[in-house]
Amino acid sequence: MNKKNLFKNVLLAALASTICVSASAQEKEYPQPERMRPGMSEYWTPQPSIVTPGSCQGNELISPPSDAIILFDGKDLSAWESAKEEGGPARWTVHDGVFTVDKKTGDIQTKQKFENFQLHIEWQVPENITGTSQGRGNSGIFLQGKYEIQILDCYNNETYVNGQTGSIYKQTPPLVNAMRKPGEWNIYDIIYTAPVFKEDGTYRYSPTVTVIQNGIVLQNHTTILGTTEYIGFPKIQPHGAGPLILQSHGDPSEPISFRNIWIREL
Ligand code: MG
């Protein structure tokens, strides 16, 4: 090593040592961070609103929670209209605290439009139901008027799995078959998140849905791929808030009934 290089190396070593001393001196000057306590990861405001849960007494219906919008309480179809003639009355038959599909008059829809929601709806396949596959108690709930959650009598009735009760129709089959037999009431609880669209009309965030039938999960935060088409594949159609549509299916089997329908906007 020549003199020039030796000098350079000594200088660099001295400089490095000065930096280390200086860094360790600085560390000593800083206060030690406070030790983590439980309260540091807790926040207290805003508090969630208090919602009174519905009561359950014997065989009585579970009453809606205090903040629900009532869509059918056994009295009339005033929250609904014809889907065929917008603004026209919903002409399905109300009787004995329930209403029954009138296949002659077509689909009905809520007058109110919704974005994200929790829906509770009960439905019953008549005890004397006939027919097979898709022709047996077929109806459905179209979320935002676009995406059908299938209703069908799947109690001892085989059909294509992505058309079963609780399927996102022609897209995703239910995780299980949780049907009660004809004559008994089935309960759907549906939690839906509406899509967000990009400027080009495609999904920025796809819609998602969780479907629970009689307390059993059928869809677990499932992504909806697009509209639920009878023929063809899902389409992506930009839309805003939309109604719930109940399907009047053209099959010749005995019509199903609904009761106790309420919704909570999320
Ligand atoms: Mg259907």
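For this chain, numbers begin at 1 and follow the sequence in order. Just follow the structure's listing: the first ligand is 1, and inside any ligand the first atom is 1.
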Original post:
Do Q150 and Q134 pass the side chain to side chain donor-acceptor pair (under 3.5 Å) test, and can you show the C-alpha distance, the side-chain angles, and the key distance before you say yes or no?
Top reply: CA-CA 10 Å; Q150 177 68 305; Q134 294 287 303; 3.0 Å; yes
Original post:
Got a second to check how far I187's CD1 is from R259's CZ, nearest 0.5 Å?
Top reply: 7.0 Å
Original post:
Between I245 and I141, is any pair of side-chain heavy atoms under 4.5 Å apart?
Top reply: no
Subject >> 2.8 Å cut-off met by an N, O or S atom of Q134 to the Mg ion (ligand 1) >> reply: no
Subject >> Name, closest N/O/S atom of E148 to the Mg ion (ligand 1) >> reply: OE2
**OP:** Determine whether the side chains of Y192 and Q144 contain a donor N or O and an acceptor N or O closer than 3.5 Å.
**Re:** yes
Original post:
Angle subtended at the Mg ion (ligand 1) by OE1 of Q247 and O of S139, to 10 degrees?
Top reply: 80°
